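Atoms considered below: every heavy atom in the structure, side chains included; atoms not considered: hydrogens, waters and symmetry mates. Please read all numbers here as calculations on a predicted model, not as lab measurements.
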Amino acid sequence: MLAFLLRRLALAGATVFLVVTIGFVLGRLTGAPGALLLPDNASSADVDALNASLGFDRPVLVQYLDFLRGVVVGDLGDSYRLHESALGLVWERLPATVELAFWAFLAGFALALMAAVVIHLSGSRILRAIVGWLGATRQAVPDFFFALLLVLIFSVSLGLLPSLGRTSPASLVLPVVTLATGQFVMYLRLLDAALSDQAEQDYVRTAFAIGQSRPTILFTQMLPNALPPVLGMAGLNLGGLLGGTVVVEVVFAWPGLGSLLTAAVSQRDFPIVQAGLLFVAVAFVVVNTLVDLLVARIDPRTATS
């Protein structure tokens, strides 16, 4: 287990390094931000002076080494526009994004788990087809469009739920439903395929032959064997959700990282963009390392792979 953990930590470190490096390179390829930070009537000399004051007149390698030094010590500089610590601004928005991603993940996975269990308990192909069709239909609708439909129905027409901000627990409902239903079909397919594979195994046929009931076999034998590979994929998805709620956050004016990073990208506010990327990369590898450890605890055979 120790060797397994060390391998995962090494991969996590390499992943974070690669992500922040790619983010730095892509940011510099878009050009210096001086022209966007000054009024339209600013002269070229003013733009050049501002870019020089921000350090963009130095060699790219020197900028990169300074950036890595800042990553190591936890100082990525101040926002060009807001003049506050970039990591501090990201940290302020972090709880809202984590809250939204966590509840969306939990709701989507729980919904898919319940649907898969009902399908396999009933053994109904019609039910599997109906649930799969509904999930695929939802997945075919872009999240931003589905979010707008929910706002139109439940906020504008019915007045049941708030559509903007993070003012109460009810504010979570529409963004969580948007994200959870979008993830539902992926989890359902994984769980259904894993349970169907387990249903073909000899131990299941033996359990039926000795008179055990379908629910007993499903909950005590099939699910524990089917869950490890599904949990691994769910961990990847949760890590992606932490950085992929941007569009939904913008639609619902959710005060998370979405609006902050969207504005930072459009304005080339590199410290905020780099701090956001660092958070997403660290969150992704931490979540997936924890999930790998959980799966290895459930199924020790995975620790040798």
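- When atom types are taken as modelled, the side chain of Ser53 and the backbone of Leu50 share a donor-acceptor pair closer than 3.5 angstrom.
- Distance check: Phe24 CZ to Leu68 CG gives 8.0 Å after rounding to the nearest 0.5 Å.
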query: Taking it one step at a time, do Val176 and Leu100 satisfy side chain to side chain contact (heavy atoms under 4.5 Å, CB included)?
result: CA-CA 6 Å; Val176 165; Leu100 179 57; 3.9 Å; yes

task: Could you walk me through whether Gln198 and Gln221 pass side chain to side chain contact (heavy atoms under 4.5 Å, CB included), step by step?
output: CA-CA 9 Å; Gln198 293 300 315; Gln221 300 184 54; over 6 Å; no

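- Residues Ser79 and Asp269 have side chains that bring a donor and an acceptor to within less than 3.5 angstrom of each other.
- In terms of heavy atoms, Gly276 sits closest to Val90 at N-CG2, 3.9 Å.
- The closest donor-acceptor contact from the side chain of Arg93 to the backbone of Leu257 lies at 3.5 Å or more, if one exists at all.
- Within 6.0 Å of the CZ atom in Phe154, the count of heavy atoms belonging to other residues, nucleotides or ligands does not exceed 12.
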Return a table of donor-acceptor pairs under 3.5 angstrom between the side chains of residues 144-153 and protein atoms on other chains or two or more places apart.
none

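- Note on ring orientation: taking the six-membered ring where Trp is involved, the planes of Phe67 and Tyr64 are tilted (angle from 30° to 60°).
- Nearest heavy-atom pair, Leu179 versus Ala104, reported as atom, atom and distance to 0.1 Å: CB-CB, 3.5 Å.
- A continuous path of hydrophobic side-chain contacts links Trp91 to Leu82 [ILVMFWY only; heavy atoms under 4.5 Å].
- Judged purely by atom type and a 3.5 angstrom limit, Arg189 has no side-chain atom pairing as donor or acceptor with the backbone of Gly132.
- Here the closest heavy-atom approach between residue Leu191 and residue Ala116 is recorded as CB-CB, 3.8 Å.
- Within the model, atoms CE of Met186 and CZ of Phe109 stand 9.5 Å from one another, a figure rounded to the nearest 0.5 Å.
- Contact record, Pro255 with Gly165: CD-C, 4.4 Å, taken as the closest heavy-atom pair.
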message: Is there a side-chain hydrogen bond (donor to acceptor under 3.5 Å, both in side chains) between Ser85 and Asp78? Walk through the geometry before answering.
response: CA-CA 4 Å; Ser85 168; Asp78 294 340; 4.9 Å; no

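- No side-chain heavy atom of Glu249 sits less than 4.5 Å from a side-chain heavy atom of Thr262.
- Aromatic ring orientation, Tyr80 versus Phe270: perpendicular (interplanar angle above 60°, classes split at 30° and 60°).
- Among the candidates Leu26, Leu76, Val265, Leu278, the single residue satisfying the side-chain contact (heavy atoms from CB on, under 4.5 Å) test with Val273 is Val265.
- Taken to the nearest 0.5 Å, the CD1 atom of Ile119 stands 13.0 Å off from the CZ atom of Arg125.
- Hydrophobic clustering (ILVMFWY, side-chain heavy atoms < 4.5 Å, transitive): Leu190 and Leu121 are in one cluster.
- A 4.5 Å side-chain heavy-atom check between Phe105 and Gln183 finds every atom pair outside the cut-off.
- Residues Thr220 and Thr216 bring no donor and acceptor atom of their side chains to less than 3.5 Å of each other.
- A heavy-atom distance below 4.5 Å is not found between the side chains of Ser171 and Phe252.
- In the hydrophobic clustering of this structure, Tyr203 groups with Phe219; members are Ile, Leu, Val, Met, Phe, Trp, Tyr whose side-chain heavy atoms approach within less than 4.5 Å, directly or through other members.
- Evaluation of the salt bridge (Lys or Arg N to Asp or Glu O under 4.0 Å) rule for Arg166 yields Glu99 as partners, not counting sequence neighbours.
- When side chains are defined from C-beta on, Ser196 counts as touching Arg128, because their heavy atoms get closer than 4.5 Å.
- Cluster annotation: Leu223 is connected to Leu106 through the hydrophobic network of ILVMFWY side chains, with a link wherever side-chain heavy atoms come within less than 4.5 Å.
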task: Start with the C-alpha gap between Val185 and Arg138, add the side-chain angles, then the distance that decides, and say whether side chain to side chain contact (heavy atoms under 4.5 Å, CB included) holds.
output: CA-CA 8 Å; Val185 69; Arg138 163 62 187 94; over 6 Å; no

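- Using a 4.5 Å heavy-atom cutoff, the side chains of Trp103 and Val173 are not in contact.
- Residues Phe279 and Val282 are members of one and the same hydrophobic cluster, defined by side-chain heavy-atom contacts under 4.5 angstrom among Ile, Leu, Val, Met, Phe, Trp and Tyr.
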Side chain to side chain contact (heavy atoms under 4.5 Å, CB included) assessment of Val20 paired with Gln274: CA-CA 7 Å; Val20 297; Gln274 290 162 351; over 6 Å; no

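- Contact annotation: the side chain of Pro59 approaches that of Val62 to within less than 4.5 Å [non-hydrogen atoms, C-beta and beyond].
- Judged purely by atom type and a 3.5 angstrom limit, Ser163 has no side-chain atom pairing as donor or acceptor with the backbone of Ser155.
- Heavy-atom contacts from other residues, nucleotides or ligands closer than 6.0 Å to CD1 of Ile126 number 12 or fewer.
- For Thr15 (side chain) and Leu11 (main-chain N/O), a donor-acceptor pair under 3.5 Å exists by modelled atom type.
- Salt bridge absent: Asp75 and Arg69 never bring a charged side-chain N and a carboxylate O closer than 4.0 Å.
- Between the CD1 atom of Ile272 and the CG atom of Leu261 there is a distance of 8.0 Å, given to the nearest 0.5 Å.
- Distance check, rounded to the nearest 0.5 Å: CZ of Arg205 to CD1 of Ile217 gives 12.0 Å.
- Rounding to the nearest 0.5 Å places CG of Leu195 at 5.0 Å from CE of Met222.
- Closest of all the heavy-atom pairs between Val131 and Ala115 is CG1-CB, 4.2 Å.
- In terms of heavy-atom proximity, Ala275 sits nearest to Leu87 at CB-CD2, 3.7 Å.
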